[in-house]
Undergrad: 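Sending over a structure as structure tokens; questions will come in a sec.
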Amino acid sequence: MSDQLLECGKCGQLTRLIRRTEKIGNGVFHEFAECEKCQGKTTIFYSDKEIRSLLIKQQNTKPGKYRAKLAAEIQNKMNRLRQEME
């Protein structure tokens with residue numbers, strides 16, 4: 001269990017970070033934190049097959065300009081997917 005705390009987006013209480021993943025469909029996964037008190041969901045990010053592939057590529061890339069470029073590309077794709085899903 002994590003010792004990290006998070007402010008619940010639903011009830012506003014501080015709670016331990018409990019990460020969960022649910023498959024939404026079409027290969028899209030919803031990563032979220034679940035509140036221990038109200039069981040509310042606070043979205044961390046959404047990912048699809050392409051985003052997960054880029055995340056693996058980023059993990060296997062040495063720090064530098066290319067890794068920073070990958071991070072920016074991943075963030076843009078995650079933002080677009082989040083807008084579509086919410």
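This is a predicted model, so every value here is computed, not measured.
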Undergrad: Extract all donor-acceptor atom pairs below 3.5 Å that involve side chains of residues 22-29 and protein atoms in other chains or at least two apart in sequence.
TA:
residue	atom	partner	partner atom	Å
Glu22	OE1	Lys41	NZ	3.2
Glu22	OE2	His30	ND1	3.1

Undergrad: What verdict does the side chain to side chain donor-acceptor pair (under 3.5 Å) test give for Gln75 and Asn79, after you've listed the backbone C-alpha separation in whole Å, the side-chain angles of each residue and the deciding distance to 0.1 Å?
TA: CA-CA 6 Å; Gln75 191 62 52; Asn79 289 340; 3.2 Å; yes
Undergrad: Hey, could you give me the OG/CD1 distance between Ser47 and Ile74, rounded to the nearest 0.5 Å?
TA: 11.0 Å
Undergrad: Applying side chain to side chain contact (heavy atoms under 4.5 Å, CB included), can you list everything that pairs with Glu86, at least two apart in sequence or on another chain?
TA: Thr43, Tyr46, Arg82
Undergrad: For the SG atom of Cys8 and the NZ atom of Lys37, what is their distance to the nearest 0.5 Å?
TA: 9.0 Å
Undergrad: Which pairs count as salt bridge (charged side-chain N to carboxylate O under 4.0 Å, His left out) when at least one residue sits in residues 48-72, sequence neighbours excluded?
TA: Glu50-Lys77
Undergrad: Is there any ring pair (Phe, Tyr, Trp, His ring centres under 6.0 Å) pair reaching into residues 52-83, and which pairs are they, with sequence neighbours excluded?
TA: none
Undergrad: Linking directly or through intermediates, with side-chain heavy atoms under 4.5 Å: list the remaining ILVMFWY members grouped with Ile56, chain and number order.
TA: none
Undergrad: Excluding sequence neighbours, so at least two apart, what forms salt bridge (Lys or Arg N to Asp or Glu O under 4.0 Å) with Glu7?
TA: none
Undergrad: Considering all heavy atoms of both residues, which atom of Ala33 and which atom of Leu17 are nearest to each other, and what is their separation?
TA: CB-CD1, 3.6 Å
Undergrad: Who pairs with Glu73 by salt bridge (Lys or Arg N to Asp or Glu O under 4.0 Å), at least two apart in sequence or on another chain?
TA: none
Undergrad: Rounded to the nearest 0.5 Å, what separation is found between the SG atom of Cys35 and the CD atom of Gln13?
TA: 7.5 Å
Undergrad: Could you pull out the closest heavy-atom pair between Leu70 and Gln58, with the gap in Å?
TA: CD1-CA, 3.8 Å
Undergrad: May I ask you to list the residues sharing a hydrophobic cluster with Phe32, side-chain cutoff 4.5 Å, ordered by chain and number?
TA: none
Undergrad: Any chain of hydrophobic side-chain contacts (each under 4.5 Å) joining Ile44 to Leu81?
TA: yes
Undergrad: Test of understanding: with salt bridge (Lys or Arg N to Asp or Glu O under 4.0 Å), list the residues that count as partners of Arg80, not counting sequence neighbours.
TA: none
Undergrad: Under the salt bridge (Lys or Arg N to Asp or Glu O under 4.0 Å) rule, collect the residues that match up with Lys10, sequence neighbours excluded.
TA: none
Undergrad: Under 4.5 Å between any side-chain heavy atoms of Ile18 and Arg20, yes or no?
TA: yes
